[in-house]
Amino acid sequence: MHSEKVREILDKNGRLSSPVPDLSDDSDLYSAGLTSLATVSVMLALEDEFDIEIPDNMLSRKTFESISSIVETVNELAE
Amino acid sequence: MMKPLCQKGLDKDEFSALIKQVHEIGKTVILPAAADVDSEARFPKEGIDALKEAKLLSAYVPADLGGMELNITQLAKVCEILGQYCGSTAMVYAMHQVLVACLVHHSLGDGYFRRYLKELVEEQRLIASATTEVGISGDLRSSICAVNVEGDRFTLNKQAPVISYGEDADDLMVTCRRSEDASAGDQLHVLLKKGDFELEHTFSWDTMGFRGTCSDGYNITSSGHVQQIFPEPFSEILSEAMHPSAHILWGSLWIGIATDAVNKARSYVRSAARKNPEGAQVSSLRLAEVATTLQEMRHNMYVSVKNYQEILEAGDSAAISNFGFAIQINNLKLSCSELMVDIVGRSLLICGLSGYRNDSEYSLSRHIRDSYGAALMVNNDRIRGHNATMLTVHREG
Ligand SMILES: Cc1cc2nc3c(=O)[nH]c(=O)nc-3n(C[C@H](O)[C@H](O)[C@H](O)COP(=O)(O)OP(=O)(O)OC[C@H]3O[C@@H](n4cnc5c(N)ncnc54)[C@H](O)[C@@H]3O)c2cc1C
């Protein structure tokens, strides 16, 4: 359900080399150009938007590998 | 994705015998050549040959493929000992082992790479690395060059300004983009075997230190079979194997260099005390001081190696790709590279002019020049920048 917002945030903060509308929910974001620096901007934007705190144990590559994994994380934290 | 890989390691007795053997090679082969390797900026052939003879190039390869199957703690110890005899020889050895670690942790599920590792064991093949690229410099996570796949063959060309022992290596591991239209960070790791590649010399290596690593620059032209391309993205190989093992093994040999500097200071103080029992008090206090710093450097290493080994044993890929672990491994490199300069510098103050001379048994010239290279092997400010980024969101100290 948060998929649209997540896409918006990625579009604004992800500095991806492929346009976000071209990506499927399961596309690999690292292949699409997501860097660790951009991951941090995305993370901060997600925390603001959904009023969540992403805990340290979720700060890993896996959490940000695709739109669906980000949405899953947000769903879990924004109960 | 990494699988649990319990490098079981040698048992205590076998490992002490190995350590004795490494010291023996250090004393009889590596140390006698160290000054010449340094002044001539030449490849430490006799040292590397002796390590091949002892089958130490495959020290990290699992036993079922014929290797010695040291665990990471034991491998780090070998690097540390080598560092006490010659920084360049130790650095060549450590850089090779970082690439072996990438193979061991990321390619064992694949028939081609398993066969390659067996060959590496049998022939004691030496592997060099080309990550740095003209136009990108030291940013490991970006490439300009791309692998070009047609059918089951590929071509790959790269302008590499620094390839340590490129001319003396058998094989080469190269980073590149997945394809011509991939983004800079969408990288793969490719193994090039002797015969697959040609090197056109572009830059020479006449540097302050680590002169024997012969890290000249080359334009690489290559072609090969697609099976030589690692199945996993380079970003995963980097975070799970290359990044931790490089910082651990480099740091360990830097500890070896620092240890040798402190040993020289110690024997200087002892000899001064013998000559003049009243006069040596200040330098012995300085020695006590620098020994504390050396212990800090060592202990920092032990904690990080232990942590990495536990993660490897558990096959915990969540822990390994977590920011907390990456920050720790970066801090280890920052701290070891800076402490080495500090420790060697303070040892010089103790040895005084005898340490400053090139022709004295207490000479620290090579140690000092080597020590300044550590901060540049992936520039410390770049690494600090990564930590600064991760620390914006990572909460626990
Ligand atoms: C002994 C030795 C052996 C080596 N062997 C090899 C080898 O075998 N294979 C290989 O591929 N490479 C090798 N290298 C190269 C090494 O990996 C680095 O690429 C290189 O040392 C970085 O040099 P640098 O500090 O000039 O470059 P850079 O990393 O490009 O840094 C240049 C400047 O940019 C600054 N900077 C910091 N952060 C950033 C940023 N985010 N973006 C841009 N600039 C930034 C740095 O502070 C620095 O002032 C070796 C280096 C040494 C010293």
Side-chain angles (χ1 to χ4, degrees), chain A residues 6-7 9-24 26-74 76-78, chain B residues 1-2 136 139-144 146-147 175-188 231-241 243-244 311 316-330 382-397:
Chain A
V6 167
R7 281 175 174 274
I9 286 172
L10 267 176
D11 199 34
K12 214 162 129 204
N13 302 281
R15 278 167 269 160
L16 303 179
S17 47
S18 337
V20 173
D22 290 0
L23 298 172
S24 78
D26 295 322
S27 302
D28 185 320
L29 294 178
Y30 299 106
S31 305
L34 186 67
T35 65
S36 59
L37 189 66
T39 307
V40 167
S41 316
V42 170
M43 221 177 280
L44 293 172
L46 289 169
E47 293 193 337
D48 275 354
E49 175 63 38
F50 297 105
D51 194 23
I52 52 175
E53 272 200 8
I54 302 175
D56 286 352
N57 66 4
M58 287 187 174
L59 295 180
S60 82
R61 282 184 62 75
K62 274 208 94 46
T63 307
F64 297 90
E65 73 190 357
S66 65
I67 291 172
S68 58
S69 68
I70 297 177
V71 171
E72 214 173 284
T73 305
V74 170
E76 199 178 321
L77 296 172
Chain B
M1 192 51 58
M2 83 187 280
I136 294 258
D139 178 12
L140 272 172
R141 282 292 286 110
S142 298
S143 291
I144 295 174
V147 63
T175 50
C176 57
R177 284 182 301 137
R178 183 180 298 278
S179 64
E180 282 299 346
D181 46 16
S183 63
D186 187 9
Q187 292 165 294
L188 292 172
E232 288 163 50
F234 175 66
S235 54
E236 263 173 47
I237 299 174
L238 179 68
S239 72
E240 296 179 0
H243 179 236
I311 288 176
D316 190 346
S317 47
I320 215 167
S321 63
N322 189 273
F323 279 19
F325 180 67
I327 292 169
Q328 181 190 31
I329 286 293
N330 280 340
R382 212 179 259 284
I383 296 177
R384 227 184 291 277
H386 290 311
N387 269 6
T389 304
M390 290 188 281
L391 283 163
T392 350
V393 288
H394 193 259
R395 291 181 174 82
E396 213 169 281

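Quick note on labels: first sequence line is chain A, next is B, and so on, each numbered from 1.
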Please indicate whether A/Asp51 has more than 12 foreign heavy atoms, meaning atoms of other residues, nucleotides or ligands, lying under 6.0 Å from its CG.
->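 No.
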Chain B contact via A/Glu53 - which portion, at a heavy-atom distance below 4.5 Å =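 For A/Glu53, heavy atoms of backbone and side chain both lie under 4.5 Å from chain B.
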Per-residue contact mode, A/Ser17 against chain B (heavy atom under 4.5 angstrom) |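 Contact with chain B is through the side chain of A/Ser17 alone.
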Interface moiety of B/Ser142 toward chain A, non-hydrogen atoms closer than 4.5 Å |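 Answer is neither: B/Ser142 stays 4.5 Å or more from chain A.
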For chain B, find its close neighbours in residues 35-44 of chain A: heavy-atom separation under 4.5 Å, sorted by number, or none.
->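 So far as heavy atoms go, A/Ser36, A/Leu37, A/Val40, A/Met43, A/Leu44 are the residues that approach chain B to under 4.5 Å.
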Considering non-hydrogen atoms only, spot the tightest contact between B/Ala318 and A/Ser60 and give its length.
->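 Looking at all heavy atoms of both residues, the shortest contact is O-CB, 4.3 Å.
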Which heavy-atom pair separates B/Ser183 from A/Ser31 by the least distance, and what is that distance?
->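 Distance-wise, the nearest heavy atoms are OG-O, 3.3 Å.
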Based on non-hydrogen pairs under 4.5 Å, which of B/Gly385, B/Gly324, B/Ser235 is most in contact with chain A?
->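 When all of B/Gly385, B/Gly324, B/Ser235 are compared, B/Ser235 has the most.
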Distance from [X] atom [atom1] to [Y] atom [atom2], nearest 0.5 Å?
{"X": "B/Arg395", "Y": "A/Ile54", "atom1": "CZ", "atom2": "CD1", "value": "7.5 Å"}
{"X": "A/Asp56", "Y": "B/Ile327", "atom1": "CG", "atom2": "CD1", "value": "8.0 Å"}
{"X": "B/Ser317", "Y": "A/Arg61", "atom1": "OG", "atom2": "CZ", "value": "11.0 Å"}

Pairs involving residues 27-37 of chain A, ordered by first then second residue, that meet salt bridge (Lys or Arg N to Asp or Glu O under 4.0 Å) (sequence neighbours left out) =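 Listed by first then second residue: nothing to list.
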